[in-house]
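First the proteins, then the strands, lettered A, B, ... as listed; each starts at 1.
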Amino acid sequence: MNFRRILKSIFQSQLGPIFALTFILMLFALADQRWSSGNYLSPRNFRVMMNSAALIAVPALGMTMIIIAAGIDLSAGTALTLCGTVLATQLKHAAVASGEPGFVWVVLQAVCLTLLTGCICGLVNGGLISLTKVVPFIVTLGTMTIFLGVGQIISKESTVYADEKNIPGWLSDFCYTGSNSERYLNFGFLPNIPNSVLLTLILALAVVLLLRYTVFGRNVFAIGSSESTARLCGVNVPLTVIAVYTLAGLFVALGGLMYYANVKNGNPSDGMGKELEIIAAVVLGGGSLSGGRGSILGTLVGALIITAIRSGCAQLSIPNTYTHIIIGGIIIVAVIVDQLRHGSPEWFFRMLPAKNNGT
Amino acid sequence: MKGQSILEVSRICKAFGPTEALRGVGLSVRAGEVLALIGENGAGKSTLLKILSGAHRADSGEMSIGDRPFRPSGPSDTRRSGVAMIYQELNLAPELSVEDNLLLGHVGSGGGLLIRKQQRPKVIEALEAVGLEGLSPTAIVGEQSVATQQMIEIARALVAEARIILFDEPTSSLPQKDVARLFSIINELKERGIGMVYISHFLEEVREVADRYTVLRDGENVGEGIMEDIDDDTIVSLMVGRDVRNLFPTVAHCPGEPWVSIQDLNGSPSPKNINIELRRGEIFGVAGLVGAGRTELIRTIFGLDYASSGSVSVNQKPIAHTIGERIQAGFGFISEDRKSEGLAQDLSVIDNLTLSRLTDYTTLGVLNLKQRKLAAEKLLERVQVKCNASDQAVSELSGGNQQKVAIARILHQQADILLMDEPTKGIDLGTKAEIYQMLGELAATGKTIVFVSSYLPELLAVCDRIGVMARGELREVRNASDWTEEEVMGVAIG
């Protein structure tokens, strides 16, 4: 068997991120068995990990589309908590409580307003990028703080708590990871998977189909690969870009809703830094910041990698400070590996032991 | 020192995976002499150049400079060995000054400190040698013309004390008058005893500037000798490997009724006051110097560039000035810049081919990928694109095959009015002939073609009518048979 060839084919396959995830899970499981409680791969901890991954993954689905279209959205974090804050505020001021007539309408209104907020955030980003031709990095750097400010106005610069009785049951169960199987939407045959994870999988499937089987999806790839070619082919570039950011805004809003379900409060400044986690998930999954490349499956795995490391470090009682360093290191290593996969990794393979022709 | 061999390359082999790019290639360059390296695209010229410049490493074979072995480990090593490259695309830092560009990577600046004053005489001497006496060393490179930038690149080679200069298609982006200037500089470099390798597709050019030639085909040497001893036809048959009787195959076609009418079309700053009537089944050539507004003209017709006034109508129906409307009305466009605009390089052949008309394969917004693939593969066969698979990335194809994909796209788009900007630029002779043939066949089926080119022989051979542009205006239109090359140039310069 040729060691170099096997390594090369593993390298160049799309399964790279999955191998990485498996490796990380195994590493932490072993370490956990050896030095800690051995709970790392327990169903409960697995649910916790998947739920945390879902919180990153949903906004990262939108971010994947943006990055494929050669854009970036730094405002995703603050837009996400802005949406969560809008939801919290709406529920807090709900005139009717859970169970009373009319409550469904109040909740529906609150949810719609939340999703609308996300779409508007995306529309603002996309519109500014398309109309002013300022690079997405700068536009969203600006809107990042704008959304933070708007959120703080809505929350009156504090954390918004809605009364327990004003939170509908499905919302409080949304990110539930405990052992009460009645609080899961398992339809009687599914294992106890957090509802947030179910939603993530459905959304991911939808985005996969959208990117692969629609004209819009092909146009997104074309714009990311070469905007001028797309223009020349008659693609309405400004409109497509606006649509991509608006759609990503919708995913950010869903992320905001899940964030609220998870922490049961709305704090606009919680979002600072979340955008980097979201971008990291996309990049770990093989998305290229120069556009034209990215995969939804990869993004899901990327989100899992981040949470697997974080949870593993927590299990092993590794201090937070080191967790940050480990995650940062992994991101850089992942991107180097990804470049090797796509570029000409000759220098790398030259370092490996040469073919043994003697046998 | 003249006549002495300074660069010897022998038995170079290089494979990329299963494809053998070079199979035992050799050449020798003598001091004070220009060696023409001739071959079709894919013959291995670029690979050989990359090995000489240290970008790639040869699998086997020997190279020596003077009597020392030459095994460059990278560009800086090549430079130290006295070899300089002048690429097709210029390699200067546009924001830096002329002086800083000349000294960039120069070993002479000691201790990491750049003492410009000390280097100044060298810089000025190099600039004078390439005929840029008037250029201030502190001028910004990006503000100079393309021709001047190329001279600056040559000056950089002189500052680095290069004894061997490799030119890769140096004239492809130059206006005619600057080509003459480049050649006179090359002749002066010969006097200095510098050995040069010159790569070009244009045989006329090669003949003018080179002393000897080496022909490559499929990664092997197929001929070498003294330029004066060989005629063009022999060179071409060496390159192609078969007799090419007809470099410009034509297909009989007969222009029909007036169809597309362009009236008072203006853009800013060009084109200016364009009025043309195009007929069905006509090949209309647009000649002119680089910068005469030819590209702007067809971009404006297609709606890619802003039109300040004027109208474009098909069948007397004015078409709104947006790309979408123009495509609807049957216009198709091939960009001169295949790399960054013409094709999305990372996307697959299929994606590139079908991007401008996906609606054929959608039902309720859902794409039928299988149907799309079948249609695309049929078209690839028709225009004879050589690729491993239709989902291969376009960037992996050769230049000629990429151009065929671009042409296949406007056929797929079912365009009837084909606007082509330099469709044969940087393409090998065999593919060029195929493209001329295709243009004739398309015209015979009633399509109208606007053919922009800097290469007059092809325009004169292929077109029905030729219009010559200068300073943004369409100066004169005549039947192709009524033009001579000299007359076209005369109007273009005016």
Side-chain angles (χ1 to χ4, degrees), chain A residues 2 4-5 8-9 12 14 67-70 206 208-240 243 247 286-295 338-339 341-347 349-350 354-355, chain B residues 16-17 55-57 74 299 302-305 322-329 331-348 350-370 372 393-395 406 409-410 412-413 415 419 421:
Chain A
N2 187 338
R4 283 156 61 100
R5 190 175 301 161
K8 217 167 179 165
S9 63
Q12 281 160 356
Q14 289 299 312
I67 285 177
I68 289 173
V208 167
L209 297 178
L210 179 75
L211 286 177
R212 190 167 164 74
Y213 290 101
T214 66
V215 176
F216 171 75
R218 295 332 291 170
N219 289 351
V220 170
F221 274 97
I223 290 173
S225 179
S226 168
E227 191 179 315
S228 46
T229 307
R231 206 162 93 85
L232 185 143
C233 287
V235 174
N236 191 333
V237 176
L239 200 65
T240 311
L247 195 56
S288 156
L289 289 184
S290 51
R293 208 149 55 72
S295 112
D338 194 58
Q339 278 186 352
R341 272 175 34 200
H342 288 90
S344 61
E346 267 185 59
W347 65 267
F349 289 107
R350 223 180 273 152
K355 253 186 272 186
Chain B
F16 297 99
H56 285 328
R57 234 182 272 185
R299 289 179 77 88
F302 189 60
L304 264 172
D305 283 359
T322 67
I323 300 166
E325 290 291 321
R326 295 279 151 96
I327 288 180
Q328 277 289 313
F331 286 91
F333 181 81
I334 289 189
S335 171
E336 133 190 75
D337 186 355
R338 196 164 54 221
K339 266 214 177 95
S340 66
E341 184 178 52
L343 296 167
Q345 294 284 333
D346 302 338
L347 292 193
S348 67
I350 265 200
D351 271 333
N352 270 290
L353 197 60
T354 55
L355 189 58
S356 56
R357 193 187 176 97
L358 283 167
T359 42
D360 287 0
Y361 314 111
T362 51
T363 30
L364 298 170
V366 179
L367 277 176
N368 184 339
L369 294 184
K370 210 182 237 171
R372 181 176 82 138
V394 153
S395 58
R409 175 165 68 216
I410 54 176
H412 174 266
Q413 192 182 310
L419 309 168
D421 198 358

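Using a 4.5 Å cut-off between heavy atoms, B/Ser340 contacts chain A through its backbone alone, with no side-chain atom that close. Only the side chain of B/Phe302 comes within contact range of chain A, with heavy atoms under 4.5 Å apart. The contact between B/Glu341 and chain A is made by backbone and side chain atoms together, counting heavy-atom distances below 4.5 Å. Heavy-atom distances place the side chain of B/Ile327, and not its backbone, under 4.5 Å from chain A.
Under the salt bridge (charged side-chain N to carboxylate O under 4.0 Å, His left out) criterion, B/Arg372 pairs with B/Asp351, sequence neighbours left out. Among residues two or more places apart in sequence or in another chain, the side chain to side chain donor-acceptor pair (under 3.5 Å) test is passed with B/Asp360 by B/Arg357.
Chosen from A/Ser226, A/Ser228, A/Ala230, the residue pairing most often with chain B at heavy-atom distances under 4.5 Å is A/Ser228.
A donor-acceptor contact shorter than 3.5 Å links the side chain of A/Arg231 to the backbone of B/Leu304. With hydrogens and angles disregarded, a donor-acceptor distance shorter than 3.5 Å links the side chain of B/Arg409 to the backbone of B/Gly342.
Here the closest non-hydrogen pair linking A/Gly234 and B/Ile323 is CA-CG2, 3.8 Å.
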